[in-house]
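Report on the following structure.
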Amino acid sequence: MSGKHQHFKGPEVSCCVKYFLFGFNIVFWLLGAAFLAIGLWAWAEKGVLSNISSITDLGGFDPVWLFIVTGAVMFILGFAGCIGALRENTTLLKFFSVFLGLIFFLELTAGILAFVFKDWIKDQLNFFINNNVKAYRDDIDLQNLIDFAQEYWSCCGAHGPNDWNLNIYFNCTDSNPSRERCGVPFSCCVKDPAEDVPNTQCGYDVRLKLELEQQSYIYTKGCVGQFEKWLQDNLIVVAGIFVAIALLQIFGICLAQNLVSDIKAVKANW
């Protein structure tokens, strides 16, 4: 009677989970690197990298920070998840899970606080917009961001065109020598469909006109109110995006934890 050799298959690391997590994170890693590169290039173009102290000189918000912070978070997360999965490194995978879990918790907390303290959030948004109105001419990226927001939401200032009195170039004081005195940026102007090239001088002297007359030339609604209206009109889409992001984060955490469990089971069997 011939002897039979039985081979007992021990626990294994799931290749599907391992390489899916690797592929999932390498995309984030590369996107994070691209965002960081764009942010650093923008700062280099503005001379920030040659004079780091100028970061604090801008009175308003520098949009480049969005690229730098988002890129850095994505790069770190992508690196930890990618290398952790490829090298089966439980330390990196745990760091990935905890970091992603922390981001999820902060997003959830921010969402709850925004719902509970609506009026406070509205006041902060008003303060944020007015603070950036003051710094409109100080930074080209900030200027482009404000112009985009005013054009997209068909608004002007936080609560209306008169908020531009906060800016030294647009205020209506007698001591203001600027040609833009008592005006608004061109992004406040009601667009003429017949014009292919925007008229950048369309907002000159417009606030010297009566309020009813202004409505024919510029948007008279504030951006805070228009943003609220846009949120209400697109609530399902916005909520859907946030839910999709949350599910993606939970899925990433579960994959990483599953891979950690597989690795520990294999090591325990050695």
Heavy-atom side-chain proximity of Ile245 to Ile241 below 4.5 angstrom:
yes
Within the side chain of Asn171, is there an N or O that forms a donor-acceptor pair under 3.5 Å with the backbone of Leu166?
no
Can any side-chain N or O of Asn165 pair as donor or acceptor with the backbone N or O of Cys172 at less than 3.5 Å?
yes
Can you confirm whether more than 12 heavy atoms, excluding those of Asp192, are under 6.0 Å from its CG atom?
yes
Where is the tightest heavy-atom contact between Leu142 and Phe61, given as atom of each residue plus distance?
CD1-O, 3.2 Å
What one should report as the nearest heavy-atom pair of Ile68 and Leu36 is O-CD2, 3.6 Å
To the nearest 0.5 Å, what is the distance between CG on Asp62 and CG on Asp139?
5.0 Å
Heavy-atom nearest pair, Leu92 first then Ile83, reads CD1-CG2, 3.8 Å
Whether Asp141 and Lys46 form a salt bridge (side-chain N of Lys/Arg under 4.0 Å from carboxylate O of Asp/Glu) is what I want to check.
yes
Validate the cation-pi geometry between Lys118 and Phe115: distance from NZ or CZ to the six-membered ring centre under 6.0 Å, angle to the ring axis within 45°.
yes
Separation between CG (Leu21) and CZ (Phe96), nearest 0.5 Å, reads 5.5 Å
Can you tell me if Lys122 has over 12 outside heavy atoms packed within less than 6.0 Å of its NZ?
no
Pair Ser97, Gln257: side-chain N/O donor-acceptor within cut-off below 3.5 Å
yes
Using the rule that two of Ile, Leu, Val, Met, Phe, Trp, Tyr join whenever any of their side-chain heavy atoms come within less than 4.5 Å, decide whether Ile103 and Ile250 are in one cluster.
no
Once rounded to the nearest 0.5 Å, what's the spacing between atom CG of Leu93 and atom CD1 of Ile263?
5.0 Å
Can you confirm whether more than 12 heavy atoms, excluding those of Glu211, are under 6.0 Å from its CD atom?
no
To the nearest 0.5 Å, what is the distance between SG (Cys182) and CG (Asn162)?
9.0 Å
Does Cys188 form a disulfide bond (SG atoms under 2.5 Å apart) with Cys155? I'd like the steps, not just the answer.
CA-CA 6 Å; Cys188 284; Cys155 59; over 6 Å; no
Flag if over 12 foreign heavy atoms under 6.0 Å of CZ, Phe99
yes
So, Arg181 and Asp174, do they make that salt bridge, N to O below 4.0 Å?
yes
Specify whether Phe28 and Phe24 have parallel, tilted or perpendicular ring planes, treating 30° as the upper limit for parallel and 60° as the lower limit for perpendicular.
tilted
Tyr136 versus Tyr169: any side-chain heavy-atom pair under 4.5 Å?
no
Measuring from atom CG of Leu31 to atom CG of Asn25, what distance do you get when rounded to the nearest 0.5 angstrom?
11.5 Å
In terms of heavy-atom contacts, Ala246 and Phe104 come closest through CB-CE1, 3.6 Å
Test log, rule side-chain contact (heavy atoms from CB on, under 4.5 Å), inputs Arg207 and Phe170
CA-CA 10 Å; Arg207 286 190 295 118; Phe170 295 98; 4.1 Å; yes
Residue pair Asn199 / Tyr204, side-chain donor-acceptor N/O under 3.5 Å
no
Determine whether Phe148 and Asn144 satisfy the following criterion, side-chain contact (heavy atoms from CB on, under 4.5 Å), listing intermediate values before the conclusion.
CA-CA 6 Å; Phe148 169 78; Asn144 289 334; over 6 Å; no
Drop me the distance from Trp29's CH2 to Leu77's CG, to the nearest 0.5 angstrom.
12.5 Å
Compare all side-chain heavy atoms of Glu213 with those of Ile218 and state whether any distance is below 4.5 angstrom.
no
Heavy-atom count check: over 12 atoms from other residues, nucleotides or ligands less than 6.0 Å from Ile236 CD1?
no
Side chains of Lys191 and Glu151: does their closest heavy-atom pair fall under 4.5 Å?
yes
Which atom pair, heavy atoms only, marks the closest approach of Gly39 to Val64?
O-CG1, 3.3 Å
Is there a side-chain contact between Ile168 and Asn176, using heavy atoms and a 4.5 Å cut-off?
no
Checking ring pair (Phe, Tyr, Trp, His ring centres under 6.0 Å) against Phe35, which of Trp65, Trp41, Phe67 comes through?
Phe67
Short question: side chain of Gln214, backbone of Lys209 - any donor-acceptor pair under 3.5 Å?
yes
How about Cys202 and Cys189: are their SG atoms under 2.5 Å apart?
yes
Is there a donor-acceptor contact under 3.5 Å from the side chain of Gln249 to the main chain of Gly101?
no
